[in-house]
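What follows is one structure encoded as structure tokens, with my remarks underneath.
Protein chains get the first letters and strands the later ones, always in sequence-line order, with residue 1 at the start of each.
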Amino acid sequence: EAGVVQSPRYKIIEKKQPVAFWCNPISGHNTLYWYLQNLGQGPELLIRYENEEAVDDSQLPKDRFSAERLKGVDSTLKIQPAELGDSAVYLCASSPGMGETQYFGPGTRLLVL
Amino acid sequence: AQSVTQLDSQVPVFEEAPVELRCNYSSSVSVYLFWYVQYPNQGLQLLLKYLSGSTLVKGINGFEAEFNKSQTSFHLRKPSVHISDTAEYFCAVSGNTGGFKTIFGAGTRLFVKA
């Protein structure tokens, strides 16, 4: 069974540029999460989807971050414009349902110069 | 509100020695507790979880953890570590308030030396 797929694995951009990350969850998993992981820290939830509905986006900086999961399967997280402080690893995870074990992708490591 | 504290940021240990990684949590409701491992340049992988029932939980790779409600702890243990156990370990808590939002600790870096 394929795991959670994320692309790209690495991204280097200049500040003020836009960037997008893509995630394909495990087949059949209704819940999808985007996390931010800073160096030396644990993951922090940005947004959680139940199917195509965003049920928790309270930690998403909505002035520059946006996300979508149009058909309730794969998802895209976008930053526009990127700032130096956005340099981090962006993790995607999925689970069969709310409260169940989360399965993580390898992450996208973003460096903003 | 829920929170997780991992008491050690780094734990160096010699190969074949026992190890304990400490985790304390705070929550006003019933909790689910997890330990995840993260190898370099990889995502997190579930080691074990406590949902209910027996307070001693066994996971993969010989790890186990004990849920102690009175001390609000969920320490991770392994009786004999291997070089390959070198990784970052995260404790996490989830509860049935806030829609089962999962809160992660800051992580403990386990470094196994030969």
Query raised in the report: Which of the residues B/Arg109, B/Gln45, B/Gln6, B/Gln38 is involved in the greatest number of heavy-atom pairs with chain A at under 4.5 angstrom?
Result: B/Gln38
**Report entry** Shared hydrophobic cluster, B/Ile83 / B/Leu21 (ILVMFWY, side-chain heavy atoms < 4.5 Å)
**Finding:** yes
Query - Atom group of B/Glu88 that falls short of 4.5 Å from chain A, counting heavy atoms - result: neither
Query raised in the report: Should the heavy atoms of other residues, nucleotides or ligands under 6.0 Å from NZ of A/Lys78 be counted, would the total exceed 12?
Result: no
Query raised in the report: Which atoms form the tightest heavy-atom contact between B/Lys101 and A/Arg48, and what is the distance?
Result: N-NH1, 3.9 Å
Query raised in the report: Looking at A/Gln102, A/Gln6, A/Glu44, A/Glu100, which makes the most heavy-atom pairs under 4.5 Å with chain B?
Result: A/Gln102
**Report entry** Heavy-atom donor-acceptor pair, A/Arg9 side chain to B/Asn41 backbone, under 3.5 Å
**Finding:** yes
Report summary line: Closest non-hydrogen atoms of A/Gln37 and B/Phe90, given as atom of the first, atom of the second and distance, are NE2-CZ, 3.3 Å
Query raised in the report: Are B/Leu56 and B/Val31 connected in the hydrophobic side-chain network, where two residues link if heavy atoms are under 4.5 Å apart?
Result: no
Query raised in the report: Out of curiosity, A/Phe104 CZ to B/Tyr36 OH, how far, rounded to the nearest 0.5 Å?
Result: 5.5 Å
**Report entry** Linked hydrophobic residues, A/Ile13 as query - side chain contacts closer than 4.5 Å
**Finding:** A/Val19, A/Phe21, A/Leu32, A/Trp34, A/Leu36, A/Leu46, A/Ile47, A/Tyr49, A/Leu60, A/Phe65, A/Leu77, A/Ile79, A/Leu84, A/Tyr90, A/Leu110, A/Val112
Requested in this report: State, with a plain yes or no, whether a side-chain heavy atom of A/Thr101 is found less than 4.5 Å away from one of B/Tyr32.
Outcome: no
Query raised in the report: Heavy-atom count around A/Leu39 CG within 6.0 Å, excluding the residue itself: above 12?
Result: no
Query raised in the report: Do B/Tyr39 and B/Phe63 belong to the same hydrophobic cluster, where Ile, Leu, Val, Met, Phe, Trp and Tyr are linked whenever their side-chain heavy atoms lie under 4.5 Å apart, directly or via other members?
Result: yes
Requested in this report: Check whether A/Tyr33 gets within reach of chain B through its side chain, its backbone, both or neither, counting any heavy atom under 4.5 Å.
Outcome: neither
Query raised in the report: Side-chain contact, heavy-atom cut-off 4.5 Å: A/Leu91 with B/Leu44?
Result: yes
Query raised in the report: Of all of A/Gly40, A/Gly105, A/Pro43, which one pairs up most often with chain B through heavy atoms under 4.5 Å apart?
Result: A/Pro43
